[in-house]
Amino acid sequence: MHCVIVGASHAGVQAAVNLRAQGYDGEITLISAEKVLPYQRPPLSKAFLQDTLPEQRLWLRPEAFYQQKNINLMLDTNVVGINRQSQTVELANGQCLAYDDLILATGASVRRLSIAGADLKGVYYLRDHQDATGIKQALPKVKKVVVIGGGYIGLEAAASLRKMGKEVTVLINSQRPLQHLTSPGISDFITALHQQNGVTIVTNTMAVEITGDTQVTSVIADNGKHYEADMVVAGIGVQPAHSLASGCGLNVSNGIDVNGFMQTNDPHIYAIGDCVNFAHPVYHKKLRIESVQNATDQAKTVALTLCNKPAPYNAFPWFWSDQYDAKLQIAGLSAGYTDVVVRQESEKSLAAFYFVHNKLIAVDTINQTKSFMVARKYLPQLPELDKTLLADANIPVSDIFTGAPQACLT
Amino acid sequence: MPNITFILPDDSQMTVTAIDGDSLMQTAVDNGIEQITADCGGCCSCATCHCIVDTAWVGKVTPPDKMETALLESAIDDCQPGSRLSCQITLSDDLEGLVVKVPESDW
């Protein structure tokens, strides 16, 4: 037996690791387009960027691990096509690899700016190791940074660069940071946090041009202002990398379509992680989730499937972000909420609980780890909670959840 | 370079040589102890690296801070006196011979 895994980030590596842990004794080939060992992505915008995490601590596993587990890791290797009839993948060098089962863990690719000047020197994205290393190498000569985008990557980059003493302006093309991801209370807290740390947050503003001869010197926005910059970091989202899947006729919508066992419409091809569109068993809707948790848990599901111990995916989404001294922890997906309850335990500790009517569907917490953990534990049952009690910071959050009625979304 | 013994869920033991300054979590992951998933990579965000420090060693490792305690109390159903998040324990030669139990994954 031969299992070929295309993509060696969190999902691909975890799939290889879990296949071995579950007793898969066939050949495993893990293919990465990148030159470096598979690495953790979250620190790229945090500790790694700030130079507080040495490179060898970025690796998901030490190099010797792959040999010990008999995982054939192929770095710097691009897959250019899949032939489903012959069950082979074609590599850029013309070589073909035969598979019995194929796992696509191709992830997502960064969305690029399409405005004038986007190709100037000094314009960066922050998705992979090369991006982060490029920023780090350029930083000693940089004083002023304009970050384009008010999502997690943009905000984390802003916090890290500010911590490193740069003058940072964040241009956000919406009313508030994290607009599509969180409620106004959390956004306001994040805005204030960045402002207190000396970052300029400019909302309702779109970058329209980047200027400079060869090197960026400023960003022109649709408010007519010029923001001086020696560096631009754009965090404007990603799109699922599904061209290999669509190229061989697999079903693709917003990502590669899979069933609860991570199987595509070809029974020998599976897909996991950021590139996947799947029906979530709790939310009952098709979702594509960009997170480490989703990558790791879908990898576990596919490994169980391939080791003849199938169990459908039922993990619950959660996320985290670190900005300055704020620890954001998020459980569940708040999209579609009808009510939000805010629980403020101190000036620096805030949580927003999201409901569809009486059912809790998600929580965002800032420096309120207990609320995050308790909610994360109970959320898969969509508990019905007393909202007045929840808002009362004097009542322990665990007391409110214990014994709460359970529900399901229909 | 302390030697650390992990007692796995099936009661088998695994002794490994750790790198001074590494976390207990990192040591477990690097040595293929798959029950320690450590989703967040060691930033004390997720509680997927729970382990139980042997009673004899509880007082010798640095005690948990507020954040770790909050995670442990809320996340782990069967929280024991030696329960710790292994990402928060830094290894040094003082911990030569440390014994920790690895429970089945709590998640």
Side-chain angles (χ1 to χ4, degrees), chain A residues 10 14 17-18 20-22 39-43 46-48 53-54 56-66 68-69 291-297 299-300 303 315-316 318-322 327-331 349 365 367-378 396-398 401, chain B residues 1 6 8-10 12 14 16-50 64-79 83 85-88 90-91 102 104-107:
Chain A
H10 290 270
Q14 192 68 45
V17 166
N18 276 86
R20 284 290 179 244
Q22 292 297 333
Y39 55 87
Q40 306 176 61
R41 237 173 250 283
K46 310 181 192 86
F48 183 66
L53 185 79
Q56 72 268 22
R57 280 286 146 253
L58 196 65
W59 311 140
L60 283 164
R61 294 289 188 285
E63 190 167 11
F65 180 91
Y66 299 97
Q68 282 159 13
K69 296 288 177 184
S291 77
V292 172
Q293 169 278 321
N294 186 61
T296 308
D297 287 327
K300 291 176 188 168
F316 205 75
W318 69 270
F319 315 82
W320 81 94
S321 175
D322 291 307
K327 183 177 277 293
L328 281 82
Q329 290 161 300
I330 298 127
S349 168
T365 66
N367 300 329
Q368 208 176 107
T369 294
K370 272 200 178 173
S371 289
F372 164 71
M373 263 305 161
V374 171
R376 187 178 150 198
K377 204 153 73 176
Y378 286 92
V397 72
S398 49
F401 278 78
Chain B
M1 303 277 276
F6 293 96
L8 303 179
D10 64 359
S12 65
M14 184 173 174
V16 302
T17 305
I19 299 166
D20 211 38
D22 267 5
S23 71
L24 183 60
M25 176 279 283
Q26 193 75 56
T27 305
V29 169
D30 286 357
N31 286 283
I33 295 173
E34 298 315 330
Q35 290 81 6
I36 304 281
T37 46
D39 280 349
C40 80
C43 66
C44 201
S45 283
C46 70
T48 61
C49 67
H50 175 218
D65 66 8
K66 216 174 124 191
M67 178 87 71
E68 186 187 342
T69 307
L71 277 168
L72 281 166
E73 285 175 354
S74 342
I76 311 299
D77 285 330
D78 184 24
C79 202
S83 279
L85 298 182
S86 55
C87 71
Q88 299 301 301
T90 305
L91 299 174
V102 179
E104 280 292 355
S105 175
D106 297 278
W107 295 99

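To find a chain, count down the sequence lines: A is the first, B the second, and so on, and within it residues start at 1. These numbers were taken from a predicted model, which means no experiment stands behind them.
- Side-chain atoms of Gln329(A) come within 3.5 Å of backbone atoms of Ser45(B) as a donor-acceptor pair (strictly under, hydrogens ignored).
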#### Entry: Full working for side chain to side chain contact (heavy atoms under 4.5 Å, CB included) between Lys377(A) and Ser74(B)
CA-CA 8 Å; Lys377(A) 204 153 73 176; Ser74(B) 342; 5.7 Å; no
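- A distance of 8.0 Å separates OG1 of Thr37(B) from CG of Asp297(A), quoted to the nearest 0.5 Å.
- Minimum heavy-atom separation, Trp318(A) to Cys40(B): CH2-CB, 4.3 Å.
- For Pro62(A), the parts sitting under 4.5 Å from any heavy atom of chain B are the backbone and the side chain alike.
- Side-chain atoms of Arg376(A) come within 3.5 Å of backbone N or O of Cys46(B) as a donor-acceptor pair.
- Put simply, the side chain of Lys370(A) never gets that close to the backbone of Glu73(B): no donor and acceptor are under 3.5 Å apart.
- The ring-ring contact (aromatic ring centres under 6.0 Å, His included) check on Tyr378(A) picks up Phe401(A), with sequence neighbours excluded.
- The side chain to side chain donor-acceptor pair (under 3.5 Å) check on Ser83(B) picks up His50(B), with sequence neighbours excluded.
- Atoms CG and CD, on Asp22(B) and Gln56(A) in that order, are 8.5 Å from each other to the nearest 0.5 Å.
- Contact of Val374(A) with chain B is made through backbone and side chain together, with heavy-atom distances under 4.5 Å.
- Considering every non-hydrogen atom in both Gln293(A) and Asp39(B), the closest pair reads CA-OD2, 4.4 Å.
- Of the atoms belonging to Phe316(A), not a single heavy atom falls under 4.5 Å from chain B.
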